[in-house]
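Working notes for the structure below.
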Protein chains: 2
Amino acid sequence: MPRDGTQTRTKILDTAEAMILDQGYSATSIDKVIDAVGVTKGTFFYHFENKAALARTLVDRYAAADLSMQREFRARAEKLARDPVQRVLVFIGLYEEMMEGLTDPYPGCLFASYLYEANLFDDGIMAVIEDTYLDWRRELGAMLDAAAAAHPPKLPVDTADLADMFTAIIEGAFIMSKTLKEPKLVAAQLGLYRDFVELLFGGERG
Amino acid sequence: MPRDGTQTRTKILDTAEAMILDQGYSATSIDKVIDAVGVTKGTFFYHFENKAALARTLVDRYAAADLSMQREFRARAEKLARDPVQRVLVFIGLYEEMMEGLTDPYPGCLFASYLYEANLFDDGIMAVIEDTYLDWRRELGAMLDAAAAAHPPKLPVDTADLADMFTAIIEGAFIMSKTLKEPKLVAAQLGLYRDFVELLFGGERG
DNA sequence: TTAAACATACCAACTGGTTAGTATAAAAAC
DNA sequence: GTTTTTATACTAACCAGTTGGTATGTTTAA
């Protein structure tokens with residue numbers, strides 16, 4: 001076996017992702033990436049067929065990490081609480097907890113970054129983002145359905161919409177946190193979402 | 001007086017804004033803009049000193065329109081309702097109403113578009129976005145303070161955070177609406193925000 | 001007839017991508 | 001236990017096309 005190239009490949013991916021969140025995909029030229037990594041253009045095109053393949057690899061990696069964390073937090077919430085409402089609250093709380101630990105403003109979401117340059121990407125790439133949002137609607141929606149079945153909500157809300165609200169708040173809070181340079185803003189918004197769910201399904205313990 | 005150039009100038013601005021929301025600022029080359037408008041490069045550089053001046057003009061125009069609409073809706077809400085809580089609910093409702101009228105997915109927010117290419121813009125441009133978000137926090141925050149004074153909230157929430165939540169939900173809903181191609185998503189999210197405020201400050205009429 | 005509103009023709013720098021060739025280290029042959 | 005082979009991992013130089021920007025000229029309408 002020859003020498004291992006996975007380190008170089010990962011460094012290219014990490015550097016490119018950070019640069020894309022900073023200045024967008026279009027302005028992140030291959031030349032700038034390889035300069036930052038310290039490799040040549042040949043190395044880049046050895047690891048990736050073209051710039052679009054880099055974009056695809058990045059979004060796949062990002063979506064996989066997102067879903068992985070979602071599953072982990074769902075599993076933890078199921079163990080930590082028995083009542084469906086409490087499980088949702090714990091699930092949101094776990095994300096809140098994570099965001100409270102931030103010292104720098106969140107660098108941003110790769111999905112949102114791609115969306116605001118959507119016309120530069122093919123349908124396959126945008127479908128990854130779409131599927132991830134729909135997965136969130138489905139999975140968190142199911143948790144909220146269970147909550148609604150156990151404790152009827154104070155107002156008749158659509159659980160799919162309420163699930164979407166989590167994603168929307170996260171995306172919006174990322175934008176505001178980065179703009180205002182306030183690292184705690186994301187956790188604060190998740191706290192409000194948690195308050196809303198708690199008010200909706202009542203504060204009773206299960 | 002020679003012929004009037006304001007039409008050309010406005011057409012350049014409108015076309016550039018639409019293209020930026022579609023593919024970002026970096027990928028929106030001057031060549032592409034002038035091709036779409038049907039003028040030459042000389043015309044572009046007659047109206048704008050450089051590409052950065054175009055970016056600045058666009059963000060100033062966008063911020064002005066945003067604040068103008070905010071002030072109009074605040075004035076209308078003040079006339080339509082007397083109770084501070086109801087005024088907030090009507091204010092949110094006016095935005096909801098507007099978004100319900102959409103048939104195409106919302107094309108996106110120029111602020112968010114700029115933010116995800118933030119490193120390409122100078123501090124002056126980013127400050128316009130920052131100031132606009134802070135204005136929302138201040139103005140909607142004041143409305144919520146008045147609401148809280150009239151009807152103590154069910155949970156102790158920070159009104160600045162609750163005001164930020166409006167902005168965050170709008171920004172996040174724009175992203176989701178565009179991604180999922182669901183024009184009604186923005187109005188649905190505003191409806192949930194309205195529900196939250198109503199639950200928080202009680203449903204009593206003033 | 002003059003100044004604003006446009007057009008034409010450029011340029012240097014950078015873009016994504018290709019080429020032809022080299023270094024590395026493990027495996028296969030002796 | 002050397003030597004040869006082989007696939008992987010990389011480099012430097014280059015290409016055609018595009019980028020933001022400029023210099024200079026022409027049209028238009030009061």
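The sequence lines fix the lettering, A, B, ..., with proteins before strands; numbering per chain opens at 1. Since this is a predicted model, take the numbers as computed values, not measurements.
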Fill in the blank from the handout: Side-chain atoms of A:N50 come closest, of D:dG21, C:dG17, D:dT19, to C:dG17
Practice task
Nearest whole angstrom, please: distance from the P of C:dT15 to the CG of A:D35.
Solution key: 9 Å
Completion exercise
Taken to the nearest whole Å, CD/B:Q7 to C1'/D:dT28 is 15 Å
Problem - Nearest-Å distance for atom pair CG/P, residues B:D31 and C:dA9 - result: 15 Å
Problem - A:K41 (side chain) and C:dG17 (base): donor-acceptor pair under 3.5 Å - result: yes
Practice task
Measure the acute angle between the ring planes of B:Y62 and B:F111, then classify it against the limits of 30° and 60° as parallel, tilted or perpendicular.
Solution key: perpendicular
Fill in the blank from the handout: Comparing nearest nucleotides in DNA chain C, the 5'-proximal residue of the pair A:E49, A:A27 is A:A27
Exercise for the section: Please check the phosphate of C:dT15 (OP1 and OP2 only) for any side-chain N or O of A:S29 closer than 4.0 Å. Expected result: yes
Problem - Touch class at under 4.0 angstrom, heavy-atom based, for A:T43 against every strand present - result: base
Problem - Heavy-atom check, side chain of A:D66 versus side chain of A:W136, under 4.5 Å - result: yes
Handout entry: Spacing between A:L54 atom CG and C:dT15 atom C1', to the nearest angstrom
Key = 15 Å
Problem - Centroid-centroid distance, B:Y116 to A:Y116, less than 6.0 Å - result: no
Practice task
Output yes when at least one side-chain N/O atom of B:T8 is less than 4.0 Å from OP1 or OP2 of C:dA5, else no.
Solution key: no
Exercise for the section: In whole angstrom, give the distance that lies between atom CG of B:L120 and atom C1' of D:dG20. Expected result: 13 Å
Handout entry: Separation of D:dA9 P from A:H47 NE2 (nearest whole Å)
Key = 6 Å
Exercise for the section: Compare side-chain N and O positions of A:Y46 against OP1 and OP2 of D:dC10 and report whether any pair is under 4.0 Å apart. Expected result: no
Exercise for the section: Examine distances only and state if a side-chain atom of A:R87 and a backbone atom of A:E78 form a donor-acceptor pair shorter than 3.5 Å. Expected result: yes
Completion exercise
Between NZ of B:K51 and C1' of D:dG21 the distance, given in whole Å, is 12 Å
Practice task
Nearest whole angstrom, please: distance from the C1' of C:dA9 to the CZ of B:F45.
Solution key: 15 Å
Exercise for the section: Taking only Lys NZ, Arg NE, NH1 and NH2, and the carboxylate oxygens of Asp or Glu, determine whether B:E182 and A:R137 approach each other closer than 4.0 Å. Expected result: yes
Practice task
May I ask you to say what B:T40 touches in the nucleic acid, namely base, sugar-phosphate or nothing, with a heavy-atom cut-off under 4.0 Å?
Solution key: base
